[in-house]
Amino acid sequence: MRSDEETEKAVNTYADTVYRICAVYLKERSDAEDVFQNVFIKHALSTVIFKDREHEKAWLIRVTINECKDMLKSSARRMNVPLEDIKELPAKTDDAGDYVLEAVRALPQKYRDAVYLHYYEGYTAPEIAKMMHTRVNTVYTRLARAREALRESLGDDIE
Amino acid sequence: MTLNKLCDALSGLHADDALKERTLLAAANAKARRRRSIKGLTAAAACTVILTAAAGGRYLYITPVYAVSIDVNPSIELNANIFDRVIGAKSYNEEGGMILSAVDVKNMKCTDAINALLSSPEMSVYLDENADTSLTVSGNSKEKTMEVIDEVSGCHGGGARLHCSGMSEEEAEAARDIGLTPGKYSVYSALKEFEPELTPEDACRMSVRELRGRLSLYTDVQPETGSGHGGGHRHRHK
């Protein structure tokens, strides 16, 4: 288990990264906040020894993505939530930005990882492949398909 | 540009201080609970462990540990649990669907299920001495994969030549992503280097023999002819 200081440092350093991944996956604020807490609880209880900050960040990203996927599975089983109880994650108050974020949320889950990690975090395909335990070619395929899907839904230059 | 808009949208998102505070409190509580549970393992907790193990048995039964894809032209994938029992079966093309609707393999021992499928009347129309049957085992454990390859290589090829091989789970997932069984994916991937216009849909419609035949035009891989079983073992576990 990590000390309170280590946990606080991790929250202060990586809170926004974790929160943004939640935004890419989850629409509901309550789900995103649950995932956010779960990720840092796992970090606090974990005995993994991080080699460096990049290792720690990659670990948190992977855990967040997995938690989001689990949340989506359990959300699919929840039914009849009153509309007024659903609070959505706010994006920057820019309709174009909201629209794009919605289009990314509509992508298949595995494409969202690649889009966020490559276009926002700046990871290369080999780095993403290593982080997500998949093949480099698979990452390239997912990025290509994501671009195509975004092109179809947004009808815009996407580079 | 759209991706710039995405970056702008995400850059505007921040975890607020209240959420961070609640998270730190939740983490502290979780650590405190963990310390208490490590200290006090009571008889009640011991009983809970036993009951959880019993429930865990059911969990073990329904959890897939490895998969075996069967490709002739019908393409089928069987999921098996730690007890080598088939817990799921999926077809990848219409021909495979017809076979599965005629032969119920659920809960059968994996090798029995493979034999049942390959010896069924529905499958026999695809199996002759010139056909190739590919059995590809995929899973997270290299040891288990090798063990299963040894077992399935004893299956009856139904008159066709039997090829048994293994594949890592990540490569198998890449295959499933594009709608191919692991068995066809390995040949498809190799052939695509020479025929870039080949699509997964094309490969899905072709038999293993056709794919290997096409590949032999470009490489030293020869499409084997003749009947018999126990073809080559090729393991691609990374």
Side-chain angles (χ1 to χ4, degrees), chain A residues 1-4 7-8 10-12 14-24 32-33 36-45 89-94 96-101 103-104 108 110 115-116 119-120 129 132-135 137-138 141-142 145 147 150-151 154 156-159, chain B residues 1-39 138-140 167-180 182 185-186 188-190 192-193 196 199-200 236-238:
Chain A
M1 280 191 284
R2 303 194 200 279
S3 66
D4 291 348
T7 304
E8 188 171 353
V11 169
N12 288 333
Y14 302 110
D16 288 349
T17 297
V18 171
Y19 195 67
R20 284 170 192 145
I21 296 172
C22 295
V24 167
E33 292 185 353
F36 183 92
Q37 288 196 9
N38 288 344
V39 167
F40 285 107
I41 287 173
K42 283 194 169 176
H43 179 274
L45 297 176
L89 274 164
K92 188 176 170 186
T93 50
D94 172 333
D98 288 355
Y99 189 41
V100 171
L101 195 50
V104 172
K110 56 191 94 174
V115 167
Y116 175 78
Y119 291 112
Y120 190 78
M132 303 308 297
H133 301 302
T134 188
R135 295 171 74 223
N137 282 346
T138 302
T141 302
R142 288 175 184 175
R145 288 186 180 170
R147 280 196 297 273
L150 288 173
R151 195 175 284 123
L154 298 171
D156 192 355
D157 272 339
I158 65 159
E159 294 291 348
Chain B
M1 298 293 154
T2 298
L3 288 169
N4 285 339
K5 291 175 194 165
L6 172 66
C7 291
D8 287 344
L10 289 171
S11 294
L13 292 174
H14 301 283
D16 59 44
D17 289 341
L19 174 59
K20 291 182 200 174
E21 286 298 325
R22 289 198 301 277
T23 299
L24 287 171
L25 187 58
N29 289 339
K31 283 189 279 190
R33 281 195 301 274
R34 177 67 64 88
R35 284 188 206 104
R36 282 196 298 272
S37 71
I38 289 169
K39 276 184 190 163
S138 58
N140 282 317
M167 186 180 277
S168 67
E169 183 54 29
E170 63 179 81
E171 202 170 350
E173 209 184 293
R176 293 176 199 122
D177 277 354
I178 59 171
L180 290 178
Y185 180 75
S186 55
Y188 161 79
S189 299
K192 197 164 168 72
E193 288 184 35
T199 66
R236 290 169 58 159
H237 221 285
K238 294 193 183 93

Practice problem: Sort out for me which of A:Asn137, A:Asn12, A:Thr134 touches chain B most, counting heavy-atom pairs under 4.5 Å. | Solution: A:Thr134
Quiz prompt | Closest-packed option against chain B by number of heavy-atom pairs under 4.5 Å, given A:His43, A:Glu33, A:Arg20, A:Lys42 | solution =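 Of the options given, most contacts go to A:Arg20.
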Residue pair [X] / [Y]: nearest heavy atoms and the distance that separates them:
{"X": "B:Ala30", "Y": "A:Ile41", "answer": "CB-CG2, 3.7 Å"}
{"X": "B:Ala174", "Y": "A:Arg135", "answer": "CB-NH1, 4.4 Å"}
{"X": "A:Thr7", "Y": "B:Lys31", "answer": "OG1-NZ, 3.2 Å"}
{"X": "A:Ala23", "Y": "B:Leu13", "answer": "CB-CD1, 3.2 Å"}
{"X": "B:Cys7", "Y": "A:Tyr120", "answer": "O-CE1, 3.5 Å"}
{"X": "A:Phe40", "Y": "B:Ala27", "answer": "O-CB, 4.4 Å"}

Exercise. State, with a plain yes or no, whether a side-chain heavy atom of B:Glu170 is found less than 4.5 Å away from one of A:Thr138.
Key: no
Quiz item: Considering residues at least two apart in sequence or located in another chain, which fulfil the salt bridge (Lys or Arg N to Asp or Glu O under 4.0 Å) criterion with A:Lys110?
Solution: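 Result, salt bridge (Lys or Arg N to Asp or Glu O under 4.0 Å) vs A:Lys110: B:Asp177.
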Quiz item: Who are the salt bridge (Lys or Arg N to Asp or Glu O under 4.0 Å) partners of A:Arg145, not counting sequence neighbours?
Solution: none
Quiz item: Checking heavy atoms, do the side chain of A:Val115, its backbone, both or neither come under 4.5 Å from chain B?
Solution: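 The side chain, not the backbone.
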Practice problem: Check whether A:Arg142 gets within reach of chain B through its side chain, its backbone, both or neither, counting any heavy atom under 4.5 Å. | Solution: side chain
Quiz prompt | Gap between atom NZ of B:Lys20 and atom OH of A:Tyr19 - 0.5 Å precision | solution =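 Answer rounded to 0.5 Å: 11.5 Å.
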